Amino acid sequence: MLDLASLTELLDQPRKIVITTHHKPDGDAMGSSLGLYNYLIQQGHHAKVIAPTDYPDFLSWMPGNEEVIIYTENTKLSATLIADAEIIFCLDFNSLSRINEMGVLVGESPAYKVMIDHHLEPEDFDDYRHWDINACAAAQLVYTFIVDQLQHKELINKDVATCLYTGIMTDSASFRLPNTTSTVHRIAADLIDAGANNSRIHELIYSSSSENRLRFLGHCLANCLEILPEYNTAIIAVSKKDIARFDVNTGDTEGIVNYALSIGSVHLAAFIVERSDRVKLSLRSKAEFPANEICKKYFQGGGHRNAAGGQSEDTLEATVTKFKQILSEYKTLLNY
Ligand code: 5GP
Ligand code: MN
């Protein structure tokens, strides 16, 4: 185990550092990783962000993005960097299975592992942990790591601020989820003061859809949405055929589940999509309903109470049927 003093001392010298985050990175995964990256390079560290897989175009504009290595496209280089690293930062995940095959490489690397995360039930693979399930985003924890723990507020420059603001904005669903506390707003204000252009960031993330993506959204809402009034639940199930028809790319499905949850009577929404190798589920809930419990118990996944995900090796139809059967177990909780 490393304490803060030893980690601070370690970071006093330029180090070989790898920053990694979860499979199919979202705004918080890339925002927290690139925020930390832009902080570390100011101190002469040799830092590299390695994403386990690709990520959407609407996240590909952040400062430092051109330096990101995608593991699946650069396995050899990634393996060398991980094996040679002195410190590996693990951001926005806490179980090595969330970084696919990279999990083995990270587990075997002699590097110190630093976990900065806000998910439940961390696995014990780290040497230093900055973990808080009440944080709205890993990017919020990167901010407190730099500012409160390392005492380097002056190194929150425009690039760091832009990335961290993006992580906080996306994971709090635009400052909307219950974990968007006054502290989160104060941090966001600090990041704006440090140079984050909040209006432009919002535009780059939320107003950069392709025409196909918008038409696909229309199709999902008009033709794939099913409401189950007895369970206050909405399901959007999308087949492989639909994905091909609308030429849906990585990230195009993100956020669609929130439209289903926007119906007043809906307390739980599921977006269930047939991918090439498996069926992926994205669950969102309101109030106290534990969406993560369903994902963990039945769909090899997890996440937060109000936003969770999982997968199934069954067909799309069988997955939808299974999901509906599971709902009967939660009928009372869903009828609050
Ligand atoms: P999304 O629906 O956007 O894929 O994921 C929502 C939340 O659930 C995210 O915080 C993500 O970290 C978590 N999540 C999604 N898929 C999985 C999974 O397969 N396993 C675990 N443990 N968490 C997941
Ligand atoms: Mn996150």
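Counting starts at 1 for both ligands and their atoms, following the listed order. Worth knowing before you read on, the calculation uses all heavy atoms, side chains too, and leaves out hydrogens, waters and symmetry mates. Being a predicted model, the structure only gives us computed values, none of them experimental.
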Enquirer: Per the side chain to side chain contact (heavy atoms under 4.5 Å, CB included) rule, which among Asn198, Thr162, Ile156 passes with Leu191?
Expert: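 Option passing the side chain to side chain contact (heavy atoms under 4.5 Å, CB included) with Leu191: Ile156.
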Enquirer: Between His119 and ligand 1, which residue portion shows a heavy-atom distance shorter than 4.0 Å: side chain, backbone, both, or neither?
Expert: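 His119 to ligand 1: side-chain contact only, backbone stays beyond 4.0 Å.
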Enquirer: Measure up the Tyr165 and Phe175 rings against each other and bin them: parallel (under 30°), tilted (30 to 60°), perpendicular (over 60°).
Expert: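 Taking Phe175 first and then Tyr165, their aromatic rings sit tilted (interplane angle of 30° to 60°).
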Enquirer: Examine ligand 1 and decide if any of its atoms is less than 4.0 Å from a heavy atom belonging to Lys24.
Expert: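 The answer is no, since Lys24 has no heavy atom less than 4.0 Å from ligand 1.
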Enquirer: Can you tell whether the side chains of Asp124 and Arg129 come within less than 4.0 Å, N to carboxylate O?
Expert: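 Salt bridge between Asp124 and Arg129, a charged N being under 4.0 Å from a carboxylate O: yes.
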Enquirer: In terms of side-chain geometry, is the basic nitrogen of Lys153 or Asp148 positioned less than 4.0 Å from the acidic oxygen of its partner?
Expert: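 Looking at Asp148 together with Lys153, the answer is no, because their closest N to O distance does not fall below 4.0 Å.
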Enquirer: Could you tell me, atom by atom, which parts of ligand 1 come under 4.0 Å of a heavy atom of His304?
Expert: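 Atoms satisfying the 4.0 Å criterion: 10 (O).
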Enquirer: Considering only the protein, which heavy-atom contact is closest to atom 18 (C) of ligand 1, and what is its distance?
Expert: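 Closest protein heavy atom to atom 18 (C) of ligand 1: Arg98 NH1, 3.4 Å.
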Enquirer: Hey, is the Mn ion (ligand 2) within less than 2.8 Å of some N/O/S atom on His119?
Expert: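 No N, O or S atom of His119 is closer than 2.8 Å to the Mn ion (ligand 2), so no.
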Enquirer: What is the name of the N/O/S atom of Asp28 that is nearest to the Mn ion (ligand 2)?
Expert: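 Considering only N, O and S atoms, Asp28 comes nearest to the Mn ion (ligand 2) through OD2.
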Enquirer: May I ask you to identify the nearest protein heavy atom to atom 15 (C) of ligand 1, giving residue, atom name and distance to one decimal place in Å?
Expert: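 Protein heavy atom with the smallest distance to atom 15 (C) of ligand 1: Gly309 CA, 3.4 Å.
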Enquirer: Look at atom 16 (N) of ligand 1 and say which protein heavy atom is nearest, naming residue and atom and giving the distance to 0.1 Å.
Expert: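 Scanning the protein heavy atoms, the shortest distance from atom 16 (N) of ligand 1 goes to Lys280 NZ, 3.2 Å.
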Enquirer: In terms of residue, atom name and distance, what is the protein heavy atom nearest to atom 20 (N) of ligand 1?
Expert: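 Going atom by atom, the protein heavy atom closest to atom 20 (N) of ligand 1 ends up being Gly301 CA, 3.4 Å.
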Enquirer: Run the ring-centre check on Phe289 versus Tyr330 and record whether the distance is less than 6.0 Å.
Expert: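 Judged by ring-centre distance (under 6.0 Å), Phe289 and Tyr330 do meet the cut-off.
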Enquirer: Find out whether the Lys NZ or Arg CZ of Lys324 is both under 6.0 angstrom from the six-membered ring centre of Tyr231 and within 45° of the ring's axis.
Expert: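 Lys324 over Tyr231 ring: no.
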Enquirer: Counting both backbone and side chain atoms, is some N or O of His22 under 3.5 Å from an N or O of ligand 1?
Expert: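 No, there is no polar N/O contact under 3.5 Å.
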Enquirer: Output yes when Glu230 and Lys331 qualify as a salt bridge under the 4.0 Å nitrogen-oxygen rule, no when they do not.
Expert: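 Salt bridge between Glu230 and Lys331, a charged N being under 4.0 Å from a carboxylate O: no.
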Enquirer: Parallel, tilted or perpendicular: which fits the ring planes of Phe89 and Phe145, with parallel below 30° and perpendicular above 60°?
Expert: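 It falls in the perpendicular class, over 60°.
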Enquirer: Looking only at heavy atoms of Glu254, does any of them come nearer than 4.0 Å to an atom of ligand 1?
Expert: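 Glu254 does not count as a contact of ligand 1 under the 4.0 Å cut-off.
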Enquirer: Could you establish whether Arg284 and ligand 1 come within less than 4.0 Å of each other, counting only heavy atoms on the residue side?
Expert: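 So Arg284 counts as touching ligand 1.
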Enquirer: Within the structure, does Asp26 bring an N/O atom to less than 3.5 angstrom of an N/O atom in ligand 1?
Expert: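 N/O-N/O distance under 3.5 Å: no.
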Enquirer: Distance check, rounded to the nearest 0.5 Å: Lys24 atom NZ versus Thr53 atom OG1?
Expert: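 Rounded to the nearest 0.5 Å, the NZ-OG1 separation comes to 5.0 Å.
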Enquirer: If hydrogens are left out, which of Ala29, Ser97, Gly302 has an atom nearest to atom 23 (N) of ligand 1, that is, the closest non-hydrogen atom?
Expert: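 It is Gly302 whose heavy atom sits nearest to atom 23 (N) of ligand 1.
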Enquirer: Side chain, backbone, both or neither: which applies to Lys296 and ligand 1 if a contact is any heavy-atom pair less than 4.0 Å apart?
Expert: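 Answer for Lys296: neither.
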Enquirer: Measure the distance from atom 7 (C) of ligand 1 to every protein heavy atom, then report the residue, atom name and distance (to 0.1 Å) of the closest one.
Expert: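 The closest one turns out to be Ala307 O, 3.3 Å.
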Enquirer: Using 2.8 Å as a strict upper limit, say whether an N, O or S atom of Asp26 approaches the Mn ion (ligand 2) that closely.
Expert: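 It does not; every qualifying atom lies at 2.8 Å or beyond.
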Enquirer: Just by distance, no angles: are the side chains of Glu329 and Tyr298 close enough, under 3.5 Å, to form a donor-acceptor pair?
Expert: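 Glu329 vs Tyr298: donor-acceptor pair found between side chains.
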Enquirer: Should we count NZ of Lys322 as having more than 12 external heavy atoms under 6.0 Å?
Expert: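 Buried by this count: over 12 neighbours within 6.0 Å.
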Enquirer: Any side-chain donor paired with an acceptor under 3.5 Å for His23 and Asn100?
Expert: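 Yes.
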Enquirer: I'd like to check which ligand 1 atoms, numbered from 1 as shown, lie under 4.0 Å from a non-hydrogen atom of Gly303.
Expert: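 It comes down to these atoms of ligand 1: 8 (O), 13 (C), 23 (N).
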Enquirer: Angle subtended at the Mn ion (ligand 2) by OD1 of Asp92 and NE2 of His118, to 10 degrees?
Expert: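 Between OD1 of Asp92 and NE2 of His118, the angle at the Mn ion (ligand 2) is about 90°.
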Enquirer: Which residue and non-hydrogen atom of the protein lie closest to atom 19 (O) of ligand 1, and at what distance in Å?
Expert: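 Looking at atom 19 (O) of ligand 1, the protein heavy atom closest to it is Gln311 NE2, 2.8 Å.
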Enquirer: What do the steps show when you test Phe271 against Cys220 for side chain to side chain contact (heavy atoms under 4.5 Å, CB included), and what is the final call?
Expert: CA-CA 10 Å; Phe271 183 80; Cys220 288; 4.2 Å; yes
Enquirer: Can you tell me if, anywhere in Asp117, an N/O/S atom lies at a distance from the Mn ion (ligand 2) that is smaller than 2.8 Å?
Expert: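 Asp117 does not place any N, O or S atom closer than 2.8 Å to the Mn ion (ligand 2).
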Enquirer: If you check every N/O/S atom of Asp171, which is the one nearest the Mn ion (ligand 2)?
Expert: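 Per the distance ranking, Asp171 contributes OD2 as its closest N/O/S atom to the Mn ion (ligand 2).
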Enquirer: For Leu281, is at least one N or O under 3.5 Å away from an N or O on ligand 1?
Expert: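 No, Leu281 has no N/O under 3.5 Å of an N/O on ligand 1.
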Enquirer: Suppose we measure from atom 1 (P) of ligand 1 to each protein heavy atom; which comes out shortest, and what is that distance?
Expert: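 For atom 1 (P) of ligand 1, the nearest protein heavy atom is Ser282 OG, 3.5 Å.
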Enquirer: Just wondering, do Phe216 and Asp247 contact through their side chains at under 4.5 Å, heavy atoms?
Expert: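 The answer is no, as the side chains (C-beta and beyond) never meet within the 4.5 Å cut-off.
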